[in-house]
Undergrad: 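Below is a structure I'd like to ask you about.
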Amino acid sequence: PPPPSTMVFLARCAAVAAVLVVACFDAGHGKFLVFSDFHLDPYYGQPQGFGPCDTNKAPALGRQKCDSPLELVRATLQAAKAVFPDPDFIVLAGDICRHGMDEFPDELGELANILQIIVDEVEQAFPGSQRVHTPAMWSLGNNDVVPDYELPVNTTNNSVLKAVAHAWSGELTPGQKADLAKGGFYAHQVADDLLIVSINTVVYSVNHSPDTASMADPFGQFAWLEATLQTAANQGHKAYLVGHIPPVVDSYAKHQLWHRQYIARYIEILSKFSSVIAAQLYGHLHSDQFRLLTSDEITAVTGKTHTGPSIAPALLIGSITPVYGANPSFRVVKYEKATYGLTDWTVYATPSSTQGVIVDPPTFSAVYSFKNQFQEWLPSAAHGMQHPVSTLDLKDLARAYELDPAAFDRFAEVAFANSSTASPVPSACNAACRTEWRCVQSGFTKDAYDACLQANSHRATKATKQLVPIIAGCVGGLLVVVLALFLWHRRASVGDNSNAYERMPLQNTDAFDLSDDEDDFV
């Protein structure tokens with residue numbers, strides 16, 4: 001055998017080689033951070049605090065039914081910094097401000113104050129994030145306007161948007177700041193060939209006030225978006241679309257979050273620029289979900305055949321606030337630099353007690369990696385963990401949610417970042433419930449959701465009809481066999497003169513309870 005010194009040398013060489021292999025795999029990948037739904041309450045634990053946390057007895061780091069205290073925001077940002085201190089860029093998907101902003105006499109002043117606090121906290125945790133080192137991309141949420149969802153569009157002097165533009169102007173060019181102040185949208189190039197496009201989704205919401213549903217293009221944002229993506233296409237660049245309210249069906253009430261005509265226009269843009277748009281990131285629902293847009297749905301909505309690449313799925317991000325029971329979380333997203341396709345994402349969260357109180361001190365840890373959690377249902381996993389997550393992956397996964405309870409359970413346990421007090425998923429989710437979840441995540445529109453449920457109902461009805469003659473045939477055959485055995489036994493008993501066996505009396509079948517057998521034939 002080789003001497004010990006040689007063995008040590010070989011072991012060190014193997015370790016170095018392993019590091020180099022990992023480095024080679026990671027060299028072609030980048031990572032960024034995503035936060036959503038801060039809902040900072042600067043009056044947490046004071047009489048003006050939101051919800052039941054309006055006393056000094058409120059838990060230090062927050063609790064269910066309350067918005068985030070500043071200490072929770074700081075703990076989240078510091079945990080993200082510890083996990084990933086040098087992200088390529090940061091995405092903040094809206095709802096920076098607490099709920100109930102209209103309770104303040106100076107609601108605009110309070111809004112500007114909260115926006116500035118979060119900007120300062122992000123800058124402190126990630127120095128340069130508002131300047132050149134780590135670009136931060138902000139999106140406008142429905143709680144980032146006052147009152148909630150209220151944003152006039154018929155003025156060029158919008159005080160709310162001016163306050164937002166002032167708070168977020170650290171790294172913006174004059175043109176970007178003007179776009180933000182005018183319509184709540186802007187685009188920023190975070191890499192040589194990657195553009196982050198932040199869109200104002202508040203004006204498309206069914207809850208938007210004043211009602212502008214009759215307007216074809218509020219703030220001219222769709223025209224701006226098309227022009228921006230066309231420029232990116234001409235330059236061979238990719239784009240990530242970032243917003244707050246997703247253009248999809250709400251997984252709670254099952255209603256459409258955007259007006260129908262705005263979803264149709266948005267889908268047209270997605271289809272036209274599918275080779276440019278590499279990701280869609282949204283918040284608002286406070287849970288980890290996704291939505292798919294298929295070619296069939298594009299045709300149904302627009303009347304046009306989609307011939308381009310698959311549409312990048314819309315990923316929905318969990319919240320920092322624990323107000324609806326989710327554990328405070330953030331996300332580290334890994335992407336392929338060659339295509340900017342998303343290859344994986346890991347969610348980190350800190351736990352809460354069974355009473356919904358955030359544990360103090362916080363202990364942020366990885367809840368799950370998407371690829372590790374669901375790899376057995378992802379076709380791309382066969383090509384390696386570095387392969388971008390595809391629309392086919394998520395389509396197969398959504399189908400698995402319906403057909404494989406194990407897949408659904410994997411989703412249910414992480415949807416609210418391992419919260420023990422709340423989940424968007426019912427505690428007992430039967431087959432019909434799983435079908436609803438498959439359908440809600442497999443499309444953008446309410447029409448697609450309803451069609452999915454109807455198709456599933458037709459399949460179930462057809463399957464039942466197909467089973468009826470089979471079951472009838474089996475039962476008939478069984479009766480023939482039983483009757484034949486009975487007659488054979490009766491003939492044998494009558495012909496036996498030895499009386500070695502006594503004839504058994506027939507049982508009264510009228511006393512049998514067959515009600516529990518009905519489910520066997522459904």
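Nothing fancy with the numbering, it's 1 onward along the sequence. Only a predicted model underlies this, so the values are computations on that prediction, with no experimental measurement involved. What's counted below: heavy atoms across the whole structure, side chains too, no hydrogens, waters or symmetry copies.
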Undergrad: Could you tell me if D37 and T321 have a donor-acceptor pair between their side chains, going purely by distance under 3.5 Å?
TA: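 There is no such pair between these side chains.
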Undergrad: With rounding to the nearest 0.5 angstrom, report the CG to OH distance, L194 to Y240.
TA: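 Nearest 0.5 Å value for the CG-OH distance: 5.5 Å.
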Undergrad: Check each of V119, D144, I320, V122 against I96 using the side-chain contact (heavy atoms from CB on, under 4.5 Å) test, and report the only one that passes.
TA: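 The option that passes is D144.
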Undergrad: Quickly, which of I298, T294, L292, I267 forms a side-chain contact (heavy atoms from CB on, under 4.5 Å) with I311? Name it, please.
TA: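 The side-chain contact (heavy atoms from CB on, under 4.5 Å) with I311 is passed solely by I298 among I298, T294, L292, I267.
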Undergrad: Go through it in stages, so that I can follow the logic: the residues are S390 and D393, the test is side-chain hydrogen bond (donor to acceptor under 3.5 Å, both in side chains), and I'd like the CA-CA distance, side-chain angles, deciding distance and then a yes or no.
TA: CA-CA 5 Å; S390 68; D393 282 328; 3.3 Å; yes
Undergrad: Taking C-beta and beyond as the side chain, do E402 and F408 meet within less than 4.5 Å on heavy atoms?
TA: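 Counting from C-beta outward, E402 and F408 never come under 4.5 Å.
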Undergrad: Any chance the rings of Y262 and Y266 have centres within less than 6.0 Å?
TA: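 No, the ring centres sit 6.0 Å or more apart.
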Undergrad: The test is side-chain hydrogen bond (donor to acceptor under 3.5 Å, both in side chains); show your working for N234 and Q230 and say whether it passes.
TA: CA-CA 6 Å; N234 294 342; Q230 187 61 61; 3.0 Å; yes
Undergrad: Could you check whether any side-chain N or O of H244 sits under 3.5 Å from a backbone N or O of P246, counting only pairs where one atom can act as donor and the other as acceptor?
TA: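 Not at all, since once roles are kept as given, no pair shorter than 3.5 Å links the two residues.
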Undergrad: Under 30°, 30 to 60°, or over 60°: which ring-plane class applies to F416 and Y252, parallel, tilted or perpendicular?
TA: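 The arrangement is tilted - the two ring planes meet at 30° to 60°.
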Undergrad: Quick check for you: to the nearest 0.5 Å, what is the distance between F84 atom CZ and K31 atom NZ?
TA: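 Interatomic distance, F84 CZ to K31 NZ, rounded to 0.5 Å: 6.0 Å.
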Undergrad: Please state whether the rings of Y324 and H99 are parallel, tilted or perpendicular, taking 30° and 60° as the class boundaries.
TA: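 Plane angle over 60°, so perpendicular.
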Undergrad: Would you call R265 and E226 a salt bridge, using N to O less than 4.0 angstrom?
TA: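 The answer is yes: the pair qualifies as a salt bridge.
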Undergrad: Is it the case that the side chain of R331 and the backbone of V34 share a donor-acceptor pair, with hydrogens and angles ignored and the cut-off at 3.5 Å?
TA: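 Pair absent, no side-chain N/O of R331 close to backbone of V34.
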Undergrad: Under a 3.5 Å distance rule, please check whether K371 uses its side chain to pair with a backbone N or O of H387 as donor and acceptor.
TA: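 Judged by distance alone, yes, a pair lies under 3.5 Å.
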Undergrad: First locate atom CD1 of I114, then atom CE of M101, and finally report the distance between them rounded to the nearest 0.5 Å.
TA: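 That separation rounds to 4.0 Å.
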Undergrad: Looking only at side-chain N and O atoms, does N142 offer a donor or acceptor that is under 3.5 Å from a partner on H284?
TA: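 Short answer, yes.
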Undergrad: Is the backbone of G183 close enough, under 3.5 Å, to the side chain of Q221 for a donor and an acceptor to pair up by distance?
TA: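 Pair absent, no side-chain N/O of Q221 close to backbone of G183.
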Undergrad: Suppose we call two aromatic rings close when their centres sit under 6.0 Å apart. Are F370 and F290 close by that rule?
TA: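 Ring-ring flag for F370/F290: false, centres at least 6.0 Å apart.
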Undergrad: Would you say the side-chain atoms of Y186 pair up with the backbone N or O of W138, donor to acceptor, closer than 3.5 Å?
TA: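 Between the backbone of W138 and the side chain of Y186 there is a qualifying donor-acceptor contact (under 3.5 Å).
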Undergrad: Between K446 and V249 (side chain of the first, backbone of the second, donor and acceptor by atom type, cut-off under 3.5 Å), is there such a pair?
TA: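 Pair absent, no side-chain N/O of K446 close to backbone of V249.
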Undergrad: Measuring from Q280:CD to L293:CG, what's the distance to the nearest 0.5 Å?
TA: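 Output value for this atom pair is 7.5 Å.
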Undergrad: Any luck finding a side-chain donor-acceptor pair between N418 and Y368 under 3.5 Å?
TA: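 Result is no, nothing qualifies.
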Undergrad: Let me confirm one number: the CG-OG distance from L92 to S139, rounded to the nearest 0.5 Å.
TA: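 The CG atom of L92 sits 8.5 Å away from the OG atom of S139.
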Undergrad: Centroid separation under 6.0 Å, is that true for the rings of W437 and F411?
TA: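 Here the rings of W437 and F411 have centres that are less than 6.0 Å from each other.
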Undergrad: To the nearest 0.5 Å, tell me how far S205 OG sits from W258 CH2.
TA: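 Taking OG in S205 and CH2 in W258, the distance rounds to 10.0 Å.
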Undergrad: Before accepting this row, confirm whether a basic side-chain N of the pair E297/R291 lies closer than 4.0 Å to the acidic partner's carboxylate O.
TA: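 No, this pair does not count.
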Undergrad: So, does W168 use its side chain to make a donor-acceptor pair with the main chain of A136 at under 3.5 Å?
TA: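 No: the side chain of W168 does not pair with the backbone of A136.
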Undergrad: What heavy-atom pair brings I199 and F185 nearest, and what distance separates the two atoms?
TA: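 Between these two residues, the closest heavy atoms are CA-CB, 4.2 Å.
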Undergrad: Can you find a heavy atom in the side chain of L161 that is under 4.5 Å from one in the side chain of L151?
TA: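 Contact flag for L161/L151 side chains = yes.
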Undergrad: Checking Q289 against S251: is there a side-chain donor and acceptor pair closer than 3.5 Å?
TA: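 Judged by distance alone, the side chains do pair up.
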Undergrad: Would you say that H286 contacts V323 through its side chain, given a criterion of any heavy-atom pair below 4.5 Å between the two side chains?
TA: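 When only atoms from C-beta onward are counted, V323 and H286 do touch, with a gap below 4.5 Å.
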Undergrad: Among D344, V347, V83, find the residue that satisfies the side-chain contact (heavy atoms from CB on, under 4.5 Å) test when tested with V332.
TA: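 That would be V83.
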